[in-house]
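Notes for the one structure printed next.
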There are 4 protein chains.
Amino acid sequence: MAAAAQVVHQQGAERTTIADIARAADVQVGNVYYYFKTKDELVAAALIEHTRQLETLTGELDRLPDPRERLKSLVRGWVGQRDLAARYGCPTGTLATELDKRAEGGLDKEAGKVIRLLLDWVASQFRELDLPDPDGLALTLVGAYQGMSLLTNALRDPQIMVKEGDRLIAWLDTL
Amino acid sequence: MAAAAQVVHQQGAERTTIADIARAADVQVGNVYYYFKTKDELVAAALIEHTRQLETLTGELDRLPDPRERLKSLVRGWVGQRDLAARYGCPTGTLATELDKRAEGGLDKEAGKVIRLLLDWVASQFRELDLPDPDGLALTLVGAYQGMSLLTNALRDPQIMVKEGDRLIAWLDTL
Amino acid sequence: MAAAAQVVHQQGAERTTIADIARAADVQVGNVYYYFKTKDELVAAALIEHTRQLETLTGELDRLPDPRERLKSLVRGWVGQRDLAARYGCPTGTLATELDKRAEGGLDKEAGKVIRLLLDWVASQFRELDLPDPDGLALTLVGAYQGMSLLTNALRDPQIMVKEGDRLIAWLDTL
Amino acid sequence: MAAAAQVVHQQGAERTTIADIARAADVQVGNVYYYFKTKDELVAAALIEHTRQLETLTGELDRLPDPRERLKSLVRGWVGQRDLAARYGCPTGTLATELDKRAEGGLDKEAGKVIRLLLDWVASQFRELDLPDPDGLALTLVGAYQGMSLLTNALRDPQIMVKEGDRLIAWLDTL
DNA sequence: AATGAATGAGAGTTCATTCAT
DNA sequence: TATGAATGAACTCTCATTCAT
C-alpha cells in the first residue's frame, strides 16, 4: 500500500502500471493480485494510505493546545513539502483530479472523502476558535492549499508555496 | 482542435483515445494523423485551444474601463462555469495536473505556460490598480480559483464556487 | 471466420487462443480485434460459419427429388466425415457442449439454434414423407448422429460411424 | 474427488479452477496439491468418481433378474436425471468431449474408457438376451443416450429425454 | 485529404503450480 | 497435513501509430 501510494503520487494513477508498483514493493507482479483483485483496488489502497497519513498528521497537531497554532503548523507542514509539491503536486489533490475521470470503479467519490476529512478537521479548529462560518473558512484555507500546490506544480516553483504560506499564516493571525 | 479540447477536458488526457477525439470531430481515426503526428501534438493542440479561449476572454475583459471590474468580472465568469467545474474541473488546471506526469513529450511545461499567461494578465490588472506586490496578489487570486475548482470538482458541489466566488469579489473590493 | 471455425473445432473454444486463430488466418493478433471486439464474438463467428456450411449442405440435398433420399444422403455425408469426427467430434455438437459452460457471453443459446436448424430441416423431410411425428423422428435421427459422433470421438474409432450409419440408413428405409 | 466431479461437471474442466474445487471441498488451495500433483490428476479423479458411480449403478441393476428389465431401468434412470442433463449434459459425455481437446496429459483416452465400461455392461445384457450383435445394439443404445443428452442440453429442454426415453424403452421391448 | 485496415508493443488479469512454515 | 503466500507464464484486450490506396 505504501509503495502504491508513493508510485501513484509520482507517476499518476493512469501512468502507473501494476508492474511499477510491484517493482517498488519488491514483489512479483502476479503476487500483487493476491492482495488486490484489480488495479482500482490498488488505487483505493493508495487513497487509504493517504487518509492514514492525514490522520497521523492531524493527530499530532491535535496535541498542540491552541487551534490557531495547529492551523499555522499545518500550513508550515505544507510549505515544508514544497519540493515534493513542485515535483508531483498534492498527493490527494492530484489523485482526486485523476480519479474524477475514472468513473467506472466508483473511485471518483473516494478521493473527495479524503479531502472532506481534511476540511472537517480544519473547520473544527476554526469552530474551536469561535470564528463565524468555520466551514467557509476551512474551504478558503484548504482551497488555498490546493491552489498553491497546483500552481507550484504547474510552474515547478517551490517558492510559490513559501510566499503563499506566509500569507496564509498572516491571514490566520488576523482572524 | 475544439473536439480535442472538449473531450480531453471531460475524459482526461490519459483516458482519451485518438478514436474518441476522431469520433467527436466526426473524422476517421487515420485521418487525425494527417494533422497531428502524435497524441502529444493533439494534447498540445487542446492546450492551444484553451489559450485561445483565455485570450478571447481577457480581450473582452480588457474592454472594461476599470481593472478592478475586470477582475471581478473574471471571477464572475468562473462562477458561471461552476457546473462544468463540478463535473470536470478547470480545463487548464486538470490538464496541468495530468501533463505533469507525462514528462516524455515535454508537454509538462506547456500547461504551466497557459497558467502563467493568466497570472500575468491578472498581475497587470493589479499593477494598473497601483497595488503593492501585484504578482503575489495574482498568485493568490489564481490560486484561489484553482483551489476552489479542485474542491468543487472533488466534492461535486458547484455551491463551493458560488461561496468562494463571493468571497473573492468582496476581497477584491477591500484592496 | 473460416480460420476461427476450423481451429475452434480442432482445439475447442476454451483452448483456442486468439493467437491461434490469428496464426491460422495469417493476420496479426491485434488485427483480429479490428473485426471482432471480444473472443466471444469470434466464437460466435465460428458458429455462424457452421450455420453457413449447414445451409450449403441442406441446400444441395434439397436438389434431390426424394426426401428419404435426402436424409439417407445426409447420413452418408456424416459417415463420410468419420475420420474428422473420430479426431474432433461433430463441430456443432462439441461446440454446443463447450458453450453451455460459457454462460457469460450469452453464447450458450446460439449453439442450440444451429442444432435446431438441422432438426427443423430433418423434420421437414419426414413431414414431406407424410410420416407421423416428424419432430420426434428428427430428434431420433439427429440424436443418433450426435451420439455416434461422440462415441466415435471418445473411442477414436471411425468404424462406429460406419456401423451406425448403415443402421440409420436401413432404419430410414423401414419408415 | 466428489467435489471435483461435481464442479467439473457443472463448469466444465477448462473453466474449473483449482480454487473452485478447493472451495467446493472446503479445503485450502495449496492443500489440494498434497493429494493431486496436477490439475490433470484432479480431472482424472473426477473421472474415477464417475466410474465409481457407474459401477454402483450397474451393480444395483445387476440385482434385477431380467437383463431387459435392467436395460429399461437404466434408461429410466437416465430420464430421471433429465433436469441435470438439460442444465449440464451427461457428466461422462461432456467430459469426454472436453478431454478430447486436452491431449497433453493423456487424459483423452481415460474418458473413453468409462464409456467403454458402460458399453460393455450394456452389451453383456444384450448378450444374455441372446440377441444378435450385442455390441452393435450397445452402441445404438448408449449412442442414443449420449445424443439425447446433448440435444437436451443444447436446447435446454428436459422433455426431449422423456420422449426419447419412451422410444428407447419401447424399442427394447421389440427386441 | 480521406479511408480502413494493419501493426506491435504493452497493460491488466488469471491461474496452475511451488514453497516455506 | 494444512496454510497462505509467491511465482511466472500465458492470455485477452487496448491503443498509438503506420500504411496502402
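First the proteins, then the strands, lettered A, B, ... as listed; each starts at 1.
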Give the dot-bracket string for DNA chain E, reading 5' to 3', where a pair is Watson-Crick or G-U wobble with both distances under 3.5 Å, ( ) marks pairs inside the strand, [ ] marks pairs crossing earlier ones, | marks a partner on another strand, and . marks unpaired. .||||||||||||||||||||
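- Rounded to the nearest 0.5 angstrom, B:L107 CG and B:L99 CG are separated by 5.5 Å.
- Each of A:A13 and C:Y35 lies near DNA chain E, and the nucleotide nearest C:Y35 is the one positioned closer to the 5' end.
- Protein atom CD of A:E104 is 14 Å distant from nucleotide atom C1' of E:dG12, rounded to whole Å.
- Each of B:Q11, B:H9, B:Q10 was checked for a side-chain contact (heavy atoms from CB on, under 4.5 Å) with B:V7, and the lone residue meeting it is B:Q11.
- Contact check, B:Y34 against E:dA2: no side-chain N or O comes under 4.0 Å of OP1 or OP2.
- Atom-to-atom, CD of A:E14 to P of E:dG10 comes out at 18 Å; the value is rounded to the nearest Å.
- You'll find that the side chain of A:T17 is closest to E:dA11, out of F:dT12, E:dA11, F:dA16.
- D:D100 places no side-chain N or O within donor-acceptor distance of the main-chain N or O of D:T97, the cut-off being under 3.5 Å.
- As a whole-Å value, the separation of C:I18 CD1 from E:dG12 P is 20 Å.
- Side-chain proximity of A:T38 to F:dT12, E:dT13, F:dT17: nearest is E:dT13.
- How far CG of B:N31 is from CG of B:D26: 11.5 Å, rounded to the nearest 0.5 Å.
- For the pair C:N31 and A:G30, both in contact range of DNA chain E, the more 5′-proximal nearest nucleotide belongs to C:N31.
- Counting to the nearest Å, the C1' atom of F:dT14 and the CZ atom of C:F36 are 18 Å from each other.
- Taking 4.0 angstrom as the limit, D:Y33 places a side-chain polar atom (N or O) nearer than this to OP1 or OP2 of E:dT17.
- Between D:T51 and the options D:V114, D:T92, D:L118, D:T56, a side-chain contact (heavy atoms from CB on, under 4.5 Å) holds for only D:V114.
- Here the C1' atom of nucleotide E:dG12 and the CZ atom of A:R15 are 17 Å apart, to the nearest Å.
- For the pair B:K37 NZ and F:dA16 P, the computed distance is 18 Å after rounding to whole Å.
- With values rounded to the nearest 0.5 angstrom, C:H50 atom NE2 is found 6.5 Å from C:Q53 atom CD.
- Rounding to the nearest 0.5 Å gives a distance of 8.0 Å between CG of B:L150 and SG of A:C90.
- A close approach under 4.0 Å does occur between a side-chain nitrogen or oxygen of A:Q28 and OP1 or OP2 of F:dG8.
- The CD-C1' distance, from A:E41 to E:dT13, rounds to 13 Å in whole Å.
- Nearest-nucleotide assignment on DNA chain F puts the 5′-proximal partner with A:V32, out of B:D40 and A:V32.
- Here F:dA16 is the nucleotide among E:dG12, F:dA16, E:dT17 with the atom lying nearest to any side-chain atom of B:K39.
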